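One-based numbering, in listed order, for ligands and for the atoms of each. By convention here, the first residue in the shown sequence is residue 1. Remember, predicted model here, so these are calculated numbers, not experimental data. The figures that follow rest on heavy atoms only: side chains count, while hydrogens, waters and symmetry mates do not.
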Amino acid sequence: MPEAIRAVRGMNDILPDESGLWEFFENTIRTWLAAYGYRNLRTPIVEQTDLFVRSIGEVTDIVEKEMYSFVDQLNGERLTLRPEGTASCVRAVIEHNLLYSGPQRLYYSGPMFRHERPQKGRYRQFHQVGVEALGFAGPDIDAELIIMCARLWRLLDIQNVRLEISTLGSIESRAVYRTRLISYLEKFYDVLDEDARRRLQTNPLRILDSKNPAMREILAEAPHLFDDLDEDSLAHFNTLQQILHDQGVSFEINHRLVRGLDYYNRTVFEWVTDQLGAQGTICAGGRYDGLIAQIGGKPAPACGFAMGIERILSLISETGAADMRTVPDIYIVHQGDIAAGFSWKIAESLRDAGFKTVLHSGGGNFKAQMKKADASGARFAAIIGDEEAATGQVSIKPLRETADQVRMDFAQVVVFLKNIYQE
Ligand code: ATP
Ligand code: MG
């Protein structure tokens with residue numbers, strides 16, 4: 001036998017026993033997003049490599065070492081499997097001139113690809129839901145995005161997540177801070193790690209995000225971006241805090257929050273939990289007022305966030321939410337040729353009436369079929385032997401409660417079951 005082919009490392013199958021939870025999540029977010037007036041945008045999974053280089057930034061983890069990029073063998077185009085969704089969203093908005101009709105509230109959902117070291121909560125194909133508000137400048141929209149997250153955690157019954165916020169100020173104020181940070185870090189040049197040294201001149205703010213404990217110690221005393229903040233950014237940030245406060249959403253200010261992508265300015269935020277070990281950020285975002293112009297659109301402000309679905313789902317299953325496995329209502333067992341034909345009819349009419357119905361396939365005696373019915377998780381078995389078929393009848397056997405099996409005319413089955421389900 002040839003060796004079995006396995007999935008690519010870090011890319012997971014979502015098996016039927018897990019996909020019920022995914023579908024529950026997908027249904028929940030659909031209603032949640034509609035409640036805030038956000039509409040779905042679907043973009044291709046593959047984009048020109050340049051799109052990500054220009055938006056995410058050359059000196060970032062993603063562009064330096066995490067992108068799945070390749071040359072199209074047929075026409076030599078340089079392409080990349082999307083590592084995140086904002087760039088594609090902005091590209092599509094520009095390409096189709098969506099801002100022409102005014103600001104847009106949009107969302108996307110789907111797989112993203114980053115070549116990282118696979119571990120719990122970190123995969124090479126993972127999934128995000130991203131929400132983007134384009135064309136809005138005011139802090140009210142930053143607040144809306146954060147407040148809608150808080151609602152989602154309530155809807156999903158997720159507790160123990162905390163909100164961290166900060167502001168990166170304007171591009172100009174960041175430049176001033178950059179110089180100050182460089183001169184502070186240069187004093188520690190000898191003890192900086194390799195990443196930090198490399199980034200010192202190219203992208204020193206990224207060092208603030210270092211997970212190396214030795215770097216964090218050095219950074220504890222580093223100057224704050226806050227001290228160089230321009231007045232407008234400060235006012236923007238203060239209003240955001242005021243709205244969050246008024247709406248009862250608590251937060252902490254984290255001066256070291258810089259986010260892994262270059263396009264952010266002003267507001268940045270992360271929702272973090274302690275329940276997932278090192279991979280504790282379940283949702284992250286911020287304002288990116290310069291990005292639309294940076295990739296060739298007419299300048300317009302914007303703000304958004306993305307959440308990691310795998311991390312959120314493991315939080316839901318770890319906090320013990322209900323078993324989301326989808327089970328049929330009725331499993332039909334049948335034996336004999338006449339019964340087989342008859343069971344088709346019953347199955348279709350049960351489905352017409354809205355019951356999830358599995359029609360047994362693969363033969364076997366009644367005992368074996370009943371085992372399958374039980375294992376399916378169905379609440380009832382519908383039993384059809386030749387005797388039932390000959391008289392146009394069905395026996396309904398409850399599988400989950402102690403109640404008698406009852407035999408009835410075909411025409412009564414739907415009414416009988418509907419009565420039970422309405423109880
Ligand atoms: P991290 O610091 O954990 O690497 P990030 O800053 O790279 O996160 P973003 O680009 O902001 O992450 O993506 C938003 C969210 O997507 C993250 O908060 C996380 O929940 C999720 N996410 C990011 N990378 C992965 C991954 N490789 N596997 C699973 N989820 C991920
Ligand atoms: Mg990352």
- Query: Among P83, G10, G121, whose heavy atom sits nearest atom 29 (C) of ligand 1?
  - Reply: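 Closest candidate by heavy-atom distance is G121.
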- Ranking W271, F126, Y264 by closest non-hydrogen atom to atom 23 (C) of ligand 1, top hit is F126
- Using the six-membered ring wherever Trp is involved, compare the ring planes of Y331 and H360 and label them parallel, tilted or perpendicular (cut-offs 30° and 60°). tilted
- Task: Measure the acute angle between the ring planes of H115 and Y68, then classify it against the limits of 30° and 60° as parallel, tilted or perpendicular.
- Result: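 Judged by the thresholds at 30° and 60°, the geometry between H115 and Y68 is tilted.
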Under 4.0 Å to a heavy atom of [X] - the qualifying atoms of ligand 1, by number:
| X | result |
| --- | --- |
| I282 | 20 (O) |
| T281 | 17 (C), 18 (O), 19 (C), 20 (O) |
| A284 | 11 (O) |
| R114 | 5 (P), 7 (O), 9 (P), 10 (O), 12 (O), 13 (O), 23 (C), 24 (N) |

- Message: Under 4.0 Å, heavy-atom basis, I'd like to know which part of R122 is in contact with ligand 1: side chain, backbone, both or neither.
- Response: both
- Under 4.0 Å from ligand 1, counting heavy atoms only, is it the side chain of K211, its backbone, both or neither? side chain
- For ligand 1, is Q128 a contact, meaning one of its heavy atoms is under 4.0 Å away? yes
- Within-shell test, Q279 vs ligand 1, heavy atom, strictly < 4.0 Å: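 The answer is no, since Q279 has no heavy atom less than 4.0 Å from ligand 1.
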- For residues 220-231, which residue pairs qualify under salt bridge (charged side-chain N to carboxylate O under 4.0 Å, His left out), counting only residues two or more places apart or in two chains?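 As it turns out, the salt bridge (charged side-chain N to carboxylate O under 4.0 Å, His left out) pairs with a partner in residues 220-231, which skip direct neighbours, are R180-D227, R180-D228.
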- Kindly state whether the ring of F355 and the ring of F380 have centres lying under 6.0 angstrom apart. no
- Message: With side chain to side chain contact (heavy atoms under 4.5 Å, CB included) as the test, pick out the partner of F70 among T49, T80, L81.
- Response: L81
- Can we say K371 and D374 salt-bridge, meaning some charged N sits less than 4.0 Å from an Asp/Glu carboxylate O?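 Looking at D374 together with K371, the answer is no, because their closest N to O distance does not fall below 4.0 Å.
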Pairs under 3.5 angstrom only: tabulate donor-acceptor contacts from the side chains of residues 33-41 to other protein residues two or more places apart or in another chain.
residue, atom, partner, partner atom, Å
Y36, OH, R151, NE, 2.9
Y38, OH, E144, OE2, 2.6
R39, NH2, Q104, OE1, 3.3
N40, OD1, R42, NE, 2.7
N40, OD1, R42, NH2, 3.1
N40, ND2, Y107, O, 3.1

